[in-house]
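In what follows, chains are A, B, ... by sequence order, proteins preceding strands, each numbered from 1.
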Amino acid sequence: MPANTKYLNKSPWQQFAKITAGIFGGYLISALLHMCLSLWLPNSKNILISSIFTLFIVWCALLIVPFLFKNGWKAWLLYLFFIVLLYGLYVIGNTNNPFI
Amino acid sequence: MNNRNYNVFFNTHTVSGIVISVALYIIFFAGAFSLFKEDIGIWQEGQQVSYTERNAIDYDGIFKSLDDKYKLTGRDFQINYGEESDKIYVILEASKDSLASDEAKLDEYFSLDIHSKKTKSYAEHYSLGEFLYRLHFLAQFPYIGIYLAGFVSLFFLFAIVTGIIIHWKKIIPNFYSFNPKIALKRVWTDAHTALGVIGLPFQFMFAVTGAYFCLSILVLIPANFLYGGDQDKLMEDVRPERKTYEWVAKSEKEIPSFNTFAQTTANQWKNYHLTRAYVRNYGGINMKYVLTGELKDSERFISTSRIILDAYSGDLTIEKSPTEIEYSGDLQRLIGRLHFADFGGIPMKVVYFILSLITCFVIITGVLIYIEARNKKSQTLKQRLYTAKIGHIYMAICLSMLPVTALAFIFVKLSHSYYNDQQTAIYTFYFIAWLIAILFFRFKRDNYYTNKVCLLFGAIFGFLVPIANGIISENWIWKTYTQGQYNILFIDVLWIIIATLSLLIYLKIKPQIKTKSAFTKHPIDYHNLAKETEINSKKTTQNTDINHIEMRTKIIILWLFLGIGWLVHHIYGLFNIYYNETLIIEGATGDVPIAHHIYRILFEGLCLLFALLTLEVTKQWFKSTAFIWAIIAGLYNVYHFIEAIIFETSNISEIFMLLLVATASVFLIKNLYLWKKK
């Protein structure tokens, strides 16, 4: 009954890429996303406080996504793209409309 | 969903589940009991409890007695109420007054009886309830335990979501086909999915709230960026009730009454009760009293309130009344209420308790499915031994928690008032008993036996819990019932129910069930293991690998490398002298301190000694000694490398040498381990 191994990628580097993309990339995206939402949307403090649980739910979803990829490094590439994008949005938001 | 994704998710579900399973079981099992943390404390104490309304407490008297003992002037402090008893928990912070004595500059934490005003330190009032509560976020691991528990929560969330993905199509049919009577026949697979689905909302809630409690630092980091690093401002928004005020000066006037403040506050609303009290700048001209409270939860589910009194001017501010909603504070309260079953009284806690134990069952069945599915003829003996070993260790750790916890209840009762330091006593007893049980079952290598014995002893010890309570504290069930000591009664009844159920399950599990296990169909013959592995190893030793280095040669070279590495490191350490430092160390007398000789013998001499001895000695004791020393030296090498990175960043050659030495240590430990095993 274990998962059929012919579908699984056994390469430790691939596993490493997927897991790290999920944990580190996933956290960064999730954190940046919440920072951007609090900066760009009204009721910023309420959004920020909601992140005490939504952050973990989004992070969990982002832990799963890399496993959909055959090549884990591509998942990293995609995550890096989003990290850079969200970071840019955060910097713009923070200079134009600082949180406090 | 296509086949690939299904199998990939299946695998992630299995792997994440297996990795977290033991920690998660401990968290849920200990967590189930810590729902009744306070009742366990009262039960252990064994004395009749009385309950005084929080507004009727004589705060002024308590403050006065604390002032005599701890010198309150200039301190901030906080009072947490026990929920059921007349005990309060006081957190004193260091005095901010620059004229305060050294004694007043210490933080203090203790419990206090509101009638006798006697205080007990944390270690003295430590109860088994507190122990289990702390165990449920792995706090007994110093520093990292709570983060570990947080990541277990996060991966639990991951396992839940991947579990839903792979079982999605079966969720509805499984839900209807779940029949506890039939379930016993097809226990593991069916129970795992069916109970997993039934407990789903509960488990999802715990995974999310658990991550919040343990990993809140990961939420605070991004928030800190938004606040531009202004942590005080951030904390003020997140926890407004804990706001502190700058110390200005001592007031000469008498301390205004807290009693009147508590009474007027509590009488403002119907069905309102106080939850916490804070005093800011005690004895200062800007002293503030803060009270938080709530309406009864049947009245209003979320109703935290915050009332501040400027003690000397008498200005009263209702920052938040219990009848209004404030998203940020109330959301946190909501998460707390959900996580700790802090609503609906005992019945809700019982529901939580049952759901927690169901979750434990889902975890156990998951592990059993894992090891069962991997004990097949198609797998090599080594693989099968590996999964079997995982199964034995996991089952030993998880299942022995029931008898050990029951035994710990008896222990705290029997040893009550014998040990002053309850904390150490409980730690020592619980962990030693648990370790013995784990080792015994692990080497017995029979999950059926582990289960049976744990249930039987769980039942026996469980029945002994109320008896021990009766003999030692004379709190027999009928007595506590007639006297209305329901906290004490509840724990006894809880154990009688647990023991009865354990006994029933124990009787219900028949040896026939064991015959259905894959381990009966494809048994692993542990007695002839040596012979079988020999056959296996013969196959592998016949290889003619041109890159092969003999084990001992390898170990000798590694020891030499370490020894030489240390010598070179010492020389590189002198490098600075050639360029900028003076030759003689400050305070040098011309004699080399003896400690320095010992240090060099330990690190250079011993490496060379082991290299030399490995040429001649192959005894098992020598291998073990070498292995242990290699681990100690390895830990030191890694530590030294990290230390050098932090403190001696400029000395690159030395850092590089230390990196090589640390790497060699890792190789050495690995090879010595293999050598020792052969």
Original post:
Does atom CZ of B:Phe213 have more than 12 heavy-atom neighbours from other groups under 6.0 Å away?
Top reply: yes
Subject >> Atom group of A:Ser30 that falls short of 4.5 Å from chain B, counting heavy atoms >> reply: neither
**OP:** Can you tell which part of B:Phe204 gets under 4.5 Å to a heavy atom of chain A, answering side chain, backbone, both or neither?
**Re:** side chain
**OP:** Compare every heavy atom of A:Cys60 with every heavy atom of B:Leu157, then report the nearest pair and how far apart it is.
**Re:** CD2-CB, 3.5 Å
**OP:** Report, by ascending residue number, the residues of residues 17-25 of chain A in heavy-atom contact with chain B at a distance under 4.5 Å; give 'none' if the set is empty.
**Re:** A:Lys18, A:Ile23
Original post:
Looking at B:Leu331 and A:Ser50, what are the two nearest heavy atoms and their distance?
Top reply: CD2-CA, 3.9 Å
Original post:
What residues form a side chain to side chain contact (heavy atoms under 4.5 Å, CB included) with A:Leu28, not counting sequence neighbours?
Top reply: A:Ile83
Original post:
So do B:Asn11 and A:Phe67 actually touch side chain to side chain, heavy atoms under 4.5 Å?
Top reply: no
Original post:
Can you tell if the side chain of A:Phe53 reaches within under 4.5 Å of the side chain of B:Leu334, non-hydrogen atoms only?
Top reply: no
Original post:
Just wondering, are more than 12 heavy atoms of other shown residues or ligands nearer than 6.0 Å to CD1 in B:Ile217?
Top reply: no
Original post:
Between B:Asn5 and chain A, which part of the residue has a heavy atom less than 4.5 Å away: side chain, backbone, both or neither?
Top reply: side chain
Subject >> Atom CD of B:Gln383 with >12 non-hydrogen neighbours under 6.0 angstrom >> reply: yes
**OP:** Give, for atom OG of B:Ser328 and atom CG of A:Asn43, the distance between the pair rounded to the nearest 0.5 Å.
**Re:** 11.5 Å
Original post:
More than 12 foreign heavy atoms under 6.0 Å from CZ of B:Phe343: is that the case here?
Top reply: yes
Original post:
Looking at CZ of B:Arg4 and CG of A:Leu68, how far apart are the two atoms once the value is rounded to the nearest 0.5 Å?
Top reply: 7.5 Å
**OP:** Could you tell me whether B:Phe667 atom CZ has more than 12 heavy atoms of other residues or ligands within 6.0 Å of it?
**Re:** no
Subject >> Which atoms of A:Leu39 approach chain B - backbone, side chain, both or neither, heavy atom under 4.5 Å >> reply: side chain
Subject >> pair A:Tyr27-B:Pro222: side-chain heavy atoms closer than 4.5 Å >> reply: yes
Original post:
Is any side-chain heavy atom of A:Ile64 closer than 4.5 Å to a side-chain heavy atom of B:Thr12?
Top reply: no
Subject >> Any B:Leu154 side-chain heavy atom under 4.5 Å of A:Leu63 side chain >> reply: yes
Original post:
Crowded around A:Phe16 CZ? As in, over 12 foreign heavy atoms under 6.0 Å?
Top reply: no
Subject >> For chain A, the option from B:Ile166, B:Leu215, B:Val238 that forms the most heavy-atom pairs under 4.5 Å >> reply: B:Leu215
Subject >> Part of B:Leu218 within contact of chain A (heavy atom distance under 4.5 Å) >> reply: both
Original post:
With side chains defined as the heavy atoms from C-beta onward, is the minimum distance between A:Leu55 and B:Tyr212 less than 4.5 Å?
Top reply: no
**OP:** Taking the side chain as every heavy atom from C-beta outward, state whether A:Asn94 and B:Phe225 have any pair of such atoms under 4.5 Å apart.
**Re:** no
Original post:
With a cut-off of 6.0 Å (strictly less than), are more than 12 heavy atoms of other residues, nucleotides or ligands near CZ of B:Phe202?
Top reply: yes
Original post:
Side chain, backbone, both or neither: which part of B:Ile335 has a heavy atom under 4.5 Å from chain A?
Top reply: side chain
